[in-house]
Visitor: 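This is the structure I have questions about; it appears just below.
Values below: every heavy atom of this structure, side chains too, minus hydrogens, waters and symmetry copies. Here, residue 1 is the first one in the sequence, and each next residue gets the next number.
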Amino acid sequence: MTAEFLSLLCLGLCLGYEDEKKNEKPPKPSLHAWPSSVVEAESNVTLKCQAHSQNVTFVLRKVNDSGYKQEQSSAEKEAEFPFTDLKPKDAGRYFCAYKTAASHEWSESSEHLQLVVTDKHDELEAPSMKTDTRTIFVAIFSCISILLLFLSVFIIYRCSQHGSSSEESTKRTSHSKLPEQEAAEADLSNMERVSLSTADPQGVTYAELSTSALSEAASDTTQEPPGSREYAALKV
């Protein structure tokens, strides 16, 4: 009785473990594009989904497009989803998943892959747009450089003009002060002479008196008789 119970318990545990293993989600796969995720229109590209086990069923889906679905069974760990004659509508974000034969659950979704489909006309215009942008940048830089050069030359010219004008004003001031200094020196010399002449009023009086006496003596010699000359000489 006990042995039968233990066998049934072991069988139940094993069945439960297998069911749990079946319901367990496999790890998420990886998705990449070959030869590149950026391709030209009307060209071909292959999306490859790689799982962690063999004998699985892969599915490829597109973001924001619930109606898009591609399934593929593979005995290997990888499945290929080719795209031929690409159109702009084929561009978008893709992801994949897989499930094993023993599992009824799909794995976690892979990382999203962005597929870019470029137009040949856009590719031809891109270099010209880059060239135009570079030309505009060079032209703007040249204009700014020329403007700064003219501004620096103008500032230097203004500074030199200001220096020369200040020197000329200094020279004019010095030249205008010379006549005033000469006039002041002349007035000073005249004042010194006047002060010297007025310092001894008695001497000036004696000089004036002697001059007048000589003039009177000369007039007396012409008018008075000869006997009066001795008196005049004694008077002097």
Visitor: Is the count of non-hydrogen atoms from other residues, nucleotides or ligands lying under 6.0 Å from E111 atom CD greater than 12?
Guide: no

Visitor: Does K89 have any side chain to side chain donor-acceptor pair (under 3.5 Å) partners at least two apart in sequence or in another chain, and if so, which?
Guide: none

Visitor: Could you tell me how the ring of F58 sits relative to the ring of Y98: parallel (under 30°), tilted (30 to 60°) or perpendicular (over 60°)?
Guide: tilted

Visitor: Within the distance-only criterion (no hydrogens, no angle test), does the side chain of D119 pair as donor or acceptor with the backbone N or O of A41 below 3.5 angstrom?
Guide: no

Visitor: Who passes side-chain contact (heavy atoms from CB on, under 4.5 Å) against I140, sequence neighbours left out?
Guide: I136, I144

Visitor: Give every residue pair that meets the disulfide bond (SG atoms under 2.5 Å apart) criterion with at least one member in residues 37-120, sequence neighbours excluded.
Guide: C49-C96

Visitor: Does any part of the side chain of L60, heavy atoms only, come nearer than 4.5 Å to the side chain of L31, both counted from C-beta?
Guide: yes

Visitor: Which atom names give the shortest non-hydrogen contact between P29 and S109, and what distance separates them?
Guide: CD-C, 4.5 Å

Visitor: Does the gap between the ring centers of Y157 and F150 come in under 6.0 Å?
Guide: no

Visitor: For residues 45-63, pull every pair meeting salt bridge (charged side-chain N to carboxylate O under 4.0 Å, His left out), keeping only residues two or more places apart or in separate chains.
Guide: K48-E80

Visitor: Sub-3.5 Å donor-acceptor pair from the side chain of S142 to the main-chain atoms of V138, do we have one?
Guide: yes

Visitor: Does the separation of the ring centres of F81 and Y94 fall below 6.0 angstrom?
Guide: no

Visitor: Between the side chain of S37 and the main-chain N/O of A33, is any donor-acceptor distance below 3.5 Å?
Guide: no

Visitor: Any salt bridge linking K87 with E42? Criterion: basic side-chain nitrogen under 4.0 Å from a carboxylate oxygen.
Guide: no

Visitor: Would you find more than 12 non-hydrogen atoms of other residues, nucleotides or ligands less than 6.0 Å from W106 atom CH2?
Guide: yes

Visitor: Share the residues that join V38 in a hydrophobic cluster, the rule being Ile, Leu, Val, Met, Phe, Trp or Tyr side chains under 4.5 Å apart at the heavy-atom level.
Guide: V116

Visitor: Excluding sequence neighbours, so at least two apart, what forms salt bridge (Lys or Arg N to Asp or Glu O under 4.0 Å) with E71?
Guide: K69

